[in-house]
> 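I have a structure here, written as structure tokens, and I will follow up with some questions on it.
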Amino acid sequence: MANLIIIGSQWGDEGKGKIVDLFTAHFDIIARYQGGHNAGHTVIINGRKYILHLVPSGILHPDKLCVIGNGMVIDPSALKTEIEELREGGIDCKDRLFISNRAHLILDYHRLVEKGDEDRRGDARIGTTNRGIGPAYEDKMGRRGLRVCDLFNPETLKSRLQDNVRLKQALVPSIAESLDVDAIYDKALKLGRELSGYVVDVADFMNRNLDEGKSVLFEGAQGTMLDVDHGTYPFVTASCATAGGACTGTGVGPTRIDGVVGISKAYTTRVGEGPFPTELHDETGNLIREQGQEYGASTGRPRRCGWFDAVVVNYSRRINSLDSLVITKLDVLDVLDEIKICTGYRYKGDLLKTVPADIQVLEQCRPEYLTVKGWKQKTDAIQDFNDLPVIARDYLKRLSDLVDTEISIISTGPDRVQTIVASRDSRLSSWIKL
Ligand code: IMP
């Protein structure tokens with residue numbers, strides 16, 4: 001039984017939800033390890049659409065166990081709402097959802113602090129999802145955060161809340177009036193009681209299950225370029241969205257993990273601010289947005305669209321030790337006369353083949369493109385690789401060569417059935433038989 005990590009190899013929204021859903025049948029446990037309800041996985045099953053923000057999409061499969069790891073930040077109100085919505089849709093999380101007692105909490109003041117911070121940054125704002133993610137991770141690293149286990153310790157909860165609220169009031173005087181410690185405390189205690197049945201020591205839970213031979217699919221959220229260490233800092237999220245985060249975020253050591261699968265769109269998108277070398281500011285960008293319905297699952301914001309960037313995905317291969325790549329939304333490109341692939345960045349006469357650390361340098365990089373003809377045929381719902389137009393197959397082959405990674409799966413539409421297994425002889429197929 002293999003244990004695999006799935007990560008986004010661009011700026012998030014690569015369609016991980018569908019691929020995780022496709023892989024889920026081959027695993028016993030599906031675990032999220034970083035981020036919070038800034039993520040939004042959309043899964044369509046039998047025409048019904050589910051948008052999940054915190055709970056792994058494995059919950060839609062009745063025999064799977066789902067984990068919210070210690071590396072995540074949890075807004076208990078958002079989690080409660082999600083559990084209730086799942087229940088209304090006929091899905092019961094009881095005895096199947098396990099929440100880490102060490103995960104940090106997002107409380108009402110985090111969102112207010114974030115808004116104040118974004119306003120203060122003005123034109124240099126990050127363009128966050130405004131879910132309180134960054135400030136909650138700041139408190140974690142500042143060693144003043146409140147964790148899920150604190151919901152069951154009223155004295156600690158109260159005194160730490162008082163300290164934290166005082167600090168936020170001093171930091172952002174404009175929110176001082178709106179913060180009522182007693183109200184936050186009462187609400188947190190109540191939510192703690194409601195969620196208590198799901199709370200466990202996740203590292204212990206995971207390792208015991210692994211000892212018993214159970215297999216785990218680690219479900220990354222966001223993407224490599226939004227990782228706090230390896231992304232386009234400071235225009236990143238506050239967590240470890242790369243493969244390494246799976247270990248720290250669940251308490252499972254690296255030697256227990258067998259492989260890493262990267263998900264990438266056949267083009268590139270990004271939401272929020274920050275550098276995006278292959279961004280299109282023209283009609284083609286608008287066409288890709290409309291064809292791909294590129295609007296944020298969590299915030300509804302229009303996504304910025306651009307060409308496939310092999311520099312980014314290659315960088316992602318290295319950072320995550322990718323074994324295999326899944327290409328999603330190939331069908332979105334069906335309408336284009338020609339398609340470009342970025343093969344390098346031109347910076348002051350030099351040709352860069354990797355992502356520079358300094359975003360001012362990245363902002364000045366000009367993509368070097370390889371231009372290929374569009375296939376101009378419908379590919380949606382194709383299920384056999386050989387049924388793809390030759391030009392589309394060539395396009396995929398070029399991507400695979402440029403990022404030096406096998407392409408094991410191609411997605412040609414949102415539904416489970418709109419999927420091509422590119423090769424029965426891939427590294428991926430040595431772990432799961434699709
Ligand atoms: P935060 O995670 O809300 O702090 O936002 C930081 C950056 O990450 C912003 O550019 C967001 O748009 C981006 N971001 C956060 N979550 C996602 C996601 O699930 N998909 C794509 N971008 C995201």
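Both ligands and their constituent atoms are indexed starting at 1 by order of listing. Sequential numbering from 1 along the given sequence is applied to the chain's residues.
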> Going by side chain to side chain donor-acceptor pair (under 3.5 Å), Tyr295 matches just one of Arg303, Arg289, Glu290. Which one?
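For Tyr295, the side chain to side chain donor-acceptor pair (under 3.5 Å) test succeeds with only one of Arg303, Arg289, Glu290, which is Glu290.
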> With Trp375, which residues qualify under ring-ring contact (aromatic ring centres under 6.0 Å, His included), at least two apart?
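Scan of Trp375 (ring-ring contact (aromatic ring centres under 6.0 Å, His included), adjacent residues dropped) gives Tyr395.
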> Run the salt-bridge test on Glu279 and Arg304 with the 4.0 Å N-O cut-off and return the result as yes or no.
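Between Arg304 and Glu279 there is a salt bridge, with a charged N closer than 4.0 Å to a carboxylate O.
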> Checking the side chain of Asp227 only, and the main-chain atoms of Thr242 only, is there a donor and an acceptor separated by less than 3.5 Å?
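Yes, because the side chain of Asp227 sits within donor-acceptor range (under 3.5 Å) of the backbone of Thr242.
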> With Lys158 as the cation and Tyr185 as the aromatic partner, state whether NZ or CZ is under 6.0 Å from the six-membered ring centre and within 45° of the axis.
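That pair qualifies as a cation-pi contact.
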> So does Asp163 pair up with Arg160, basic N to acidic O under 4.0 Å?
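Judged by the 4.0 Å cut-off on N to carboxylate O distance, Asp163 and Arg160 do not form a salt bridge.
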> When you pair each N or O of ligand 1 with protein N or O atoms, which pairs come out under 3.5 Å?
{"from": "ligand 1", "atom 1": "2 (O)", "to": "Asn38", "atom 2": "ND2", "distance (Å)": "2.8"}
{"from": "ligand 1", "atom 1": "2 (O)", "to": "Thr237", "atom 2": "OG1", "distance (Å)": "2.6"}
{"from": "ligand 1", "atom 1": "3 (O)", "to": "Thr129", "atom 2": "N", "distance (Å)": "2.9"}
{"from": "ligand 1", "atom 1": "3 (O)", "to": "Thr129", "atom 2": "OG1", "distance (Å)": "2.5"}
{"from": "ligand 1", "atom 1": "10 (O)", "to": "Val271", "atom 2": "O", "distance (Å)": "3.2"}
{"from": "ligand 1", "atom 1": "12 (O)", "to": "Gly127", "atom 2": "O", "distance (Å)": "3.4"}
{"from": "ligand 1", "atom 1": "12 (O)", "to": "Val271", "atom 2": "O", "distance (Å)": "3.2"}
{"from": "ligand 1", "atom 1": "12 (O)", "to": "Arg301", "atom 2": "NH2", "distance (Å)": "2.9"}
{"from": "ligand 1", "atom 1": "16 (N)", "to": "Gln222", "atom 2": "NE2", "distance (Å)": "3.2"}
{"from": "ligand 1", "atom 1": "19 (O)", "to": "Asn38", "atom 2": "O", "distance (Å)": "3.4"}
{"from": "ligand 1", "atom 1": "20 (N)", "to": "Asp13", "atom 2": "OD1", "distance (Å)": "3.0"}
{"from": "ligand 1", "atom 1": "20 (N)", "to": "Asp13", "atom 2": "OD2", "distance (Å)": "3.4"}

